[in-house]
Protein chains: 2
Amino acid sequence: MALRYAILGLLTKKPSTGYELNQQFKETMIHFWSAHHTQIYRELIKLEEEEWVSSVIYPQEDSPDKKVYSIEDKGREELLKWLLNYKVEPPKLKDQQLLRVSMFHLIDPDDAIRFLEQSKEHHRIGVHHMNVWQQTQYPTDEDKKAALGEYFTSEFGKRYMKSWIDWCDWAIRVLEELKDEGN
Amino acid sequence: MALRYAILGLLTKKPSTGYELNQQFKETMIHFWSAHHTQIYRELIKLEEEEWVSSVIYPQEDSPDKKVYSIEDKGREELLKWLLNYKVEPPKLKDQQLLRVSMFHLIDPDDAIRFLEQSKEHHRIGVHHMNVWQQTQYPTDEDKKAALGEYFTSEFGKRYMKSWIDWCDWAIRVLEELKDEGN
DNA sequence: GGTGTATATGTGTAAAAGCACATATACACC
DNA sequence: GGTGTATATGTGCTTTTACACATATACACC
């Protein structure tokens, strides 16, 4: 039920196609929300039926037609209602990497270390991507107020990935020590 | 499809009832996996049909009968297969708190600050709970190897919550500065 | 005496999410 | 000439997850 609010939130910034919304889910919202593109297209259809958004089709020559969605008054109203009527809810997450970490008692310490090295590398690349993104997309001082959300959540994502890397280093150290004790 | 492996992972530590598994999901796995209790009971039934686990019913006098599940060879085998055949997959998450943060451009800075203060308090309580848990449940040096998973993931959860709190402080500072500039 | 919480296990049904596949064009790379 | 990627929007179907509710006992608190 919250996916619709995620979509509406993006549409308050600028009218977008389903394709563009999906890009933004993958780029800027990756650290707190995931959605499949088919889910986004279907939710947009529902939102239009309920008149929370409207769409205009722009024919294109060298690629398929674009369907650009805009938020309507009803949508803006409902979004604000949802935004201000909150209770602190814990996030719902499924992290296969940490799930595997939780079973490290079943595998060889060397395999565990290899796993953590890969995970660390993955997050190192993530931090790099974030730096690239920030250099091109980061809100400047003038429009910081208009892009506060992106400013805050991208910083969160960066800190999250950095603390992942630190945690990996710590866990690898613990495993190395355990190996030494074993000798 | 991964829920079953989460359940199997817990059952490698000790035979448990669905109720106990649900407790552990809420206590120690909260930082990387969420599951509803009805989902756990249904998955256990499927796992037993496929003979990955088995169950024994213990009648009780002062509360309903217990159904204690144990992992079978087939389950242990499949778990290890899954554990070692991985590709690094990004986590799937739905965090309503960060989703609301991403829409801070729509609300009053004072409302945003209040929101972050509540969120911070929530994570402060989380760190406190973690400290209490660690004092009673934390693996000691002797059985650290047997409880490596809990040792690593609880440390991850603690670091995660602490970095949430730091990030809240940072974001509140940014908002205060923006307010001052507005005057 | 009622309310809330804890123990313990479910069913029925709805909503959310994901997978495989479909269509159509174009540009880059080997 | 084939493969992969990017643009752009979907359908059909399955799996996963969640919600409301059901049952039964006991203990604490007001």
Side-chain angles (χ1 to χ4, degrees), chain A residues 1-8 10 15-27 29-30 32-50 53 55-69 82 87 89-96 99, chain B residues 1-7 10 15-27 29-30 32-50 53-69 82 87 89-96 99:
Chain A
M1 209 48 195
L3 171 64
R4 53 175 46 200
Y5 298 109
I7 290 171
L8 289 170
L10 291 173
S16 310
T17 66
Y19 188 83
E20 287 166 338
L21 290 169
N22 187 44
Q23 300 300 314
Q24 289 175 67
F25 268 90
K26 286 195 287 182
E27 273 166 33
M29 296 171 76
I30 189 76
F32 59 95
W33 209 271
S34 56
H36 201 262
H37 80 276
T38 56
Q39 215 185 330
I40 294 168
Y41 284 115
R42 269 192 262 245
E43 191 67 42
L44 283 167
I45 290 165
K46 272 195 251 168
L47 284 170
E48 190 166 23
E49 277 168 10
E50 295 170 52
V53 305
S55 70
V56 179
I57 292 169
Y58 292 92
Q60 294 197 124
E61 279 155 37
D62 45 357
S63 49
D65 291 354
K66 270 188 187 180
K67 200 167 171 188
V68 178
Y69 288 90
W82 171 83
K87 47 184 182 294
E89 272 170 294
K92 280 168 194 166
L93 58 156
K94 309 278 153 89
D95 191 327
Q96 292 219 13
L99 182 57
Chain B
M1 208 49 196
L3 171 64
R4 53 175 47 199
Y5 298 108
I7 290 171
L10 291 173
S16 309
T17 66
Y19 188 83
E20 287 165 341
L21 289 169
N22 187 45
Q23 301 301 313
Q24 288 175 65
F25 269 90
K26 287 195 287 183
E27 273 166 32
M29 296 171 76
I30 189 76
F32 58 95
W33 210 270
S34 56
H36 200 263
H37 81 275
T38 57
Q39 215 185 330
I40 294 167
Y41 284 114
R42 269 191 260 246
E43 192 67 41
L44 283 168
I45 290 165
K46 271 194 252 168
L47 284 169
E48 190 166 23
E49 277 168 10
E50 296 169 51
V53 305
S54 62
S55 70
V56 179
I57 293 170
Y58 292 93
Q60 296 197 124
E61 279 156 38
D62 44 356
S63 48
D65 290 354
K66 271 188 184 179
K67 201 167 170 186
V68 178
Y69 288 90
W82 170 83
K87 47 184 183 292
E89 272 170 295
K92 280 167 194 167
L93 57 156
K94 310 278 154 87
D95 190 328
Q96 292 218 14
L99 182 56

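Here is how names work: the chains are called A, B, and so on, in the same order as the sequence lines, proteins then strands, and each is numbered from 1. Side-chain atoms are counted along with the backbone in the values below, which use heavy atoms only and exclude waters and symmetry mates.
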Would you say the side chain of [Y] lies within less than 4.5 Å of the side chain of [X], judging by non-hydrogen atoms?
X: K67(A); Y: L44(A); result: no
X: I7(A); Y: F25(A); result: yes
X: Y58(A); Y: T17(A); result: no

Hey, does the side chain of [X] come within less than 4.0 Å of [N]'s phosphate (OP1/OP2), counting only N and O?
X: Q39(B); N: dT16(D); answer: no
X: K92(A); N: dA16(C); answer: no
X: K94(A); N: dA17(C); answer: no

**Item:** Value rounded to 0.5 Å, distance of CD in Q23(A) from CE in M29(A)
**Value:** 13.5 Å
**Prompt:** Rounded to the nearest 0.5 Å, what separation is found between the CG atom of L99(A) and the CG atom of L3(B)?
**Reply:** 9.5 Å
Anything under 3.5 Å between a protein N or O and an N or O of nucleotides 9-12 of chain D, put it in a table, one pair a line.
unit_1, atom_1, unit_2, atom_2, d
dT9(D), OP1, K67(A), N, 2.8
dT9(D), OP2, Y19(A), N, 2.9
dT9(D), OP2, Y41(A), OH, 3.1
dG10(D), O6, H37(A), NE2, 3.2
dG12(D), N7, R42(A), NH1, 3.4
dG12(D), O6, R42(A), NH2, 2.6

Integer-rounded Å distance: [N] [atom2] and [X] [atom1]:
X: I40(B); N: dT16(D); atom1: CD1; atom2: C1'; value: 13 Å
X: K26(B); N: dT7(C); atom1: NZ; atom2: P; value: 9 Å
X: K46(A); N: dA16(C); atom1: NZ; atom2: C1'; value: 8 Å
X: L93(A); N: dA17(C); atom1: CG; atom2: C1'; value: 16 Å
X: Y5(B); N: dT15(D); atom1: OH; atom2: P; value: 14 Å
X: I57(A); N: dT7(D); atom1: CD1; atom2: P; value: 20 Å
X: F25(B); N: dA8(C); atom1: CZ; atom2: P; value: 18 Å
X: I7(A); N: dA17(C); atom1: CD1; atom2: P; value: 10 Å

**Asked** Does L3(A) or Q23(B) map to a spot on DNA chain C nearer the 5' end, using the closest nucleotide for each?
**Response** Q23(B)
**Item:** For E50(B), all residues meeting salt bridge (charged side-chain N to carboxylate O under 4.0 Å, His left out), sequence neighbours excluded
**Value:** R4(B)
**Complete:** Taken in chain and number order and not counting sequence neighbours, the residues that satisfy salt bridge (charged side-chain N to carboxylate O under 4.0 Å, His left out) with E20(A) are none
**Request:** State which residues pass side chain to side chain contact (heavy atoms under 4.5 Å, CB included) with Q96(A); sequence neighbours excluded, sorted by chain then number.
**Result:** R100(A), A2(B), W33(B), W82(B), E89(B)
**Message:** My understanding is that only residues two or more places apart in sequence, or in another chain, count here; which of them pass side chain to side chain contact (heavy atoms under 4.5 Å, CB included) with D95(A)?
**Reply:** Q97(A), L98(A), Y160(A), W164(A), F32(B), P91(B)
**Fill in**
Stems with DNA chain C, 3 or more Watson-Crick or G-U pairs in a row (under 3.5 Å), are C:1-30 with D:1-30
